[in-house]
Amino acid sequence: MTVTGLPDRLLADGLMTPDRTDVVERMAALGPAIAARSAEYDLSASFPTENWNDFAANGLLGICIPRDDGGLGADFVGYALAAEELGRHCTATALTFNMHVATTLLTGQIADDMTLTVDERRVLHERRSALRRGVVDRHHIHSQPFSEGAAAGATTGFATKAVPVDGGYRVTGRKIFASLSSAADINNVVCVVDGDPRIRLLGVPADADGIELEGTWDPLGMRATDSRNLVMTDVFVPAEHEWIPPGMFDQAAARWPYFYMTLSFAYLGLMRAIMDDTAAYLIGDGGPTARRSHPIKQQGWASMNLVYEQAQALCYRVLGEVGVDPSSDAVRRAWASMVTTMEGAPTLASTAIRICGGRSMLRPSRLEQHYRDARCGATMLPWSVEVCLDRLGRAGLFPDESELSA
């Protein structure tokens with residue numbers, strides 16, 4: 001293992017480059033402080049403001065913004081590895097970080113791979129330059145609340161409407177599980193215009209008139225994400241906040257589906273944390289009576305290693321394939337990776353609790369928090385475990401699989 005906790009085989013697999021190593025090491029350096037705060041943020045179900053202040057101070061808000069624009073220049077894989085590292089220390093913080101970085105990935109590396117007209121490309125460059133300046137210079141936090149609960153697909157079921165007006169749009173709709181809802185400067189929502197099926201991505205200013213945060217936030221796990229409902233009523237969004245051309249989101253869903261597996265990287269980090277904390281318990285003081293000497297606990301530890309290694313190996317294989325226009329087999333592996341990680345995390349946590357016994361269920365126990373956090377991943381759309389299993393169950397058995405990728 002390396003000092004960050006990431007496996008040495010990353011080097012052998014060729015996944016680590018200088019830029020990727022830089023962002024992982026930056027995140028690892030913040031890890032102990034983030035881990036120390038995790039229990040308090042979990043207890044209060046409050047947004048991890050101090051962690052985000054650390055991100056800003058260390059340039060990590062711009063992790064996927066090119067170096068020429070003041071960012072750290074990480075690509076999708078670099079972000080995935082940094083998110084895994086962050087997930088080791090506070091998985092809820094890693095999920096909030098994902099919602100911010102997703103916008104810079106979509107407007108950056110992914111947009112660069114899309115087929116756009118010359119004029120669309122020009123407008124994209126102008127608008128994402130402004131977005132990047134806001135992140136780098138003013139430490140803007142972006143959220144990406146997509147879910148509405150109407151449909152599982154990435155490009156279907158959106159009831160949020162945008163009405164074109166002079167200078168921009170008027171947006172009305174309701175997004176559920178809007179992570180970062182109290183902290184974001186801009187909420188990037190997907191919506192449609194009546195009579196035009198193309199999906200649009202609009203940056204709704206958090207301080208605009210007509211925005212309301214609905215309800216309280218007191219969930220089982222991932223309590224520091226502050227994922228309340230975001231209600232928008234006739235909210236004005238300036239035209240320059242339409243970050244990508246109309247319809248590019250639809251194109252990205254079909255041609256860059258890896259975008260929808262980013263949440264799993266935080267959960268892979270959570271799996272590493274469960275392994276680390278279980279090992280610490282079993283080793284104890286390292287003496288002859290240490291729990292690691294018990295054959296039954298050794299068997300449980302062996303089964304945990306199998307679950308973790310399967311999830312990690314499949315995820316890293318997928319990361320080695322990431323890119324535009326993947327094959328059907330590659331997309332199936334991405335779905336399989338999602339299921340293996342999102343189902344593996346709660347399996348690992350349950351086994352850890354059994355091995356470590358009753359005291360591990362008492363707060364503030366890291367394993368107790370891991371157990372609750374691990375149980376939340378399987379439900380997260382658009383690539384929930386149910387969605388991925390449904391697609392895996394049909395993929396390869398029917399002649400036309402095109403509808404399965406979105």
Side-chain angles (χ1 to χ4, degrees), residues 61-76 79 99-146 154-155 158 160-173 175 184-208 232 234-260 323-325 406:
L61 295 183
I63 185 172
C64 290
I65 291 175
R67 290 185 180 274
D68 288 347
D69 290 327
L72 299 182
D75 61 2
F76 184 93
Y79 164 69
M99 299 305 169
H100 167 81
V101 177
T103 295
T104 58
L105 280 169
L106 188 58
T107 59
Q109 180 181 1
I110 295 173
D112 288 342
D113 282 340
M114 296 297 101
T115 301
L116 304 175
T117 68
V118 172
D119 190 57
E120 286 174 334
R121 186 75 63 188
R122 176 187 59 79
V123 173
L124 168 69
H125 286 176
E126 291 174 355
R127 293 179 179 175
R128 76 179 179 188
S129 291
L131 183 153
R132 290 168 174 174
R133 287 194 301 272
V135 171
V136 172
D137 298 338
R138 296 185 290 281
H139 297 163
H140 282 173
I141 296 175
H142 287 256
S143 72
Q144 205 164 61
F146 287 176
T155 59
F158 295 123
T160 299
K161 296 297 177 66
V163 178
V165 297
D166 288 343
Y169 298 90
R170 291 281 180 180
V171 175
T172 298
K175 300 292 184 179
D185 297 290
I186 299 175
N187 298 290
N188 298 307
V189 304
V190 286
C191 53
V192 293
V193 172
D194 277 338
D196 185 346
R198 297 175 300 173
I199 294 176
R200 297 166 189 263
L201 179 69
L202 302 182
V204 181
D207 58 357
M232 299 162 288
D234 201 33
V235 179
F236 178 72
V237 179
E240 57 269 23
H241 279 201
E242 186 169 13
W243 302 124
I244 59 178
M248 198 208 90
F249 188 89
D250 309 76
Q251 186 183 163
R255 301 184 61 202
W256 241 100
Y258 300 106
F259 178 68
Y260 297 110
V324 68
D325 297 329

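Starting from 1, each residue takes its place in the sequence as its number.
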For this session: Might you point out which heavy atoms bring Pro245 and Glu120 nearest each other, and give the distance in Å?
Result: CG-CB, 3.8 Å
Problem set entry | Side-chain heavy-atom pair Thr115, Gln251 within 4.5 angstrom cut-off | yes
For this session: Pick out which of Val204, Thr160, Leu201 makes a side chain to side chain contact (heavy atoms under 4.5 Å, CB included) with Cys191.
Result: Thr160
Seminar exercise, completed: All heavy atoms of Ala74 vs all of Tyr79, minimum pair found to be CB-N, 4.3 Å
Exercise. How are the rings of Phe76 and Trp256 set relative to one another: parallel (under 30°), tilted (30 to 60°) or perpendicular (over 60°)?
Worked result: tilted
Problem set entry | Donor-acceptor pair, side chain of Thr172 and main chain of Asp234, under 3.5 angstrom | yes
Exercise. Between Phe249 and Tyr260, what is the ring plane arrangement, given parallel below 30°, perpendicular above 60°, and tilted in between?
Worked result: perpendicular
For this session: State, with a plain yes or no, whether a side-chain heavy atom of Leu105 is found less than 4.5 Å away from one of Tyr258.
Result: no
For this session: Determine whether Tyr169 and Val193 make a side-chain contact, defined as any pair of heavy atoms from C-beta on separated by less than 4.5 Å.
Result: yes
Problem set entry | CA sep, side-chain torsions, deciding dist, call: Met114, Val324, side chain to side chain contact (heavy atoms under 4.5 Å, CB included) | CA-CA 8 Å; Met114 296 297 101; Val324 68; 4.0 Å; yes
Problem set entry | From CG (Leu124) to CE (Met248), nearest 0.5 Å | 7.0 Å
Problem set entry | Pair Arg132 + Asp68: basic N to acidic O under 4.0 Å | no
Problem set entry | Distance in Å, Ile186 CD1 paired with Ser143 OG, rounded so as to fall on 0.5 Å steps | 9.0 Å
Exercise. Hey, are the side chains of His100 and Leu61 touching, using non-hydrogen atoms and a 4.5 Å cut-off?
Worked result: yes
Exercise. Any side-chain heavy atom of Asp69 sitting closer than 4.5 Å to one from Val136?
Worked result: no
Exercise. What is the minimum heavy-atom distance between Ala206 and Ala184, and which atoms define it?
Worked result: CB-O, 3.1 Å
For this session: Evaluate the side chain to side chain contact (heavy atoms under 4.5 Å, CB included) criterion for residues Val189 and Phe146: first the C-alpha distance (whole Å), next the side-chain angles of each, then the deciding distance (0.1 Å), finally the verdict.
Result: CA-CA 6 Å; Val189 304; Phe146 287 176; 6.0 Å; no
Seminar exercise, completed: Separation between CZ (Arg127) and CZ (Arg122), nearest 0.5 Å, reads 9.0 Å
For this session: For residues Thr107 and Ile244, determine if any side-chain heavy atom of one lies less than 4.5 Å from a side-chain heavy atom of the other.
Result: yes
For this session: Report yes if the side chains of Gln144 and Leu106 come closer than 4.5 Å at any heavy-atom pair, otherwise no.
Result: yes
Seminar exercise, completed: Scanning both residues in full, the closest heavy-atom pair of Asp112 with Arg121 reads CA-NH1, 3.6 Å
Exercise. Is the closest side-chain heavy-atom distance between Leu202 and Val171 below 4.5 Å?
Worked result: yes
Seminar exercise, completed: Closest non-hydrogen atoms of Gly203 and Val237, given as atom of the first, atom of the second and distance, are O-CG1, 3.4 Å
Problem set entry | Passing option when His142 is tested against Asn187, Asn188, Thr103 for side chain to side chain donor-acceptor pair (under 3.5 Å) | Asn188
Exercise. Any idea which heavy atoms bring Lys175 and Phe158 closest together, and the distance?
Worked result: NZ-CD2, 4.0 Å
Exercise. In terms of side-chain geometry, is the basic nitrogen of Asp113 or Arg255 positioned less than 4.0 Å from the acidic oxygen of its partner?
Worked result: no
Problem set entry | Crowding at CG, Asp325 (>12 non-hydrogen neighbours, <6.0 Å) | yes
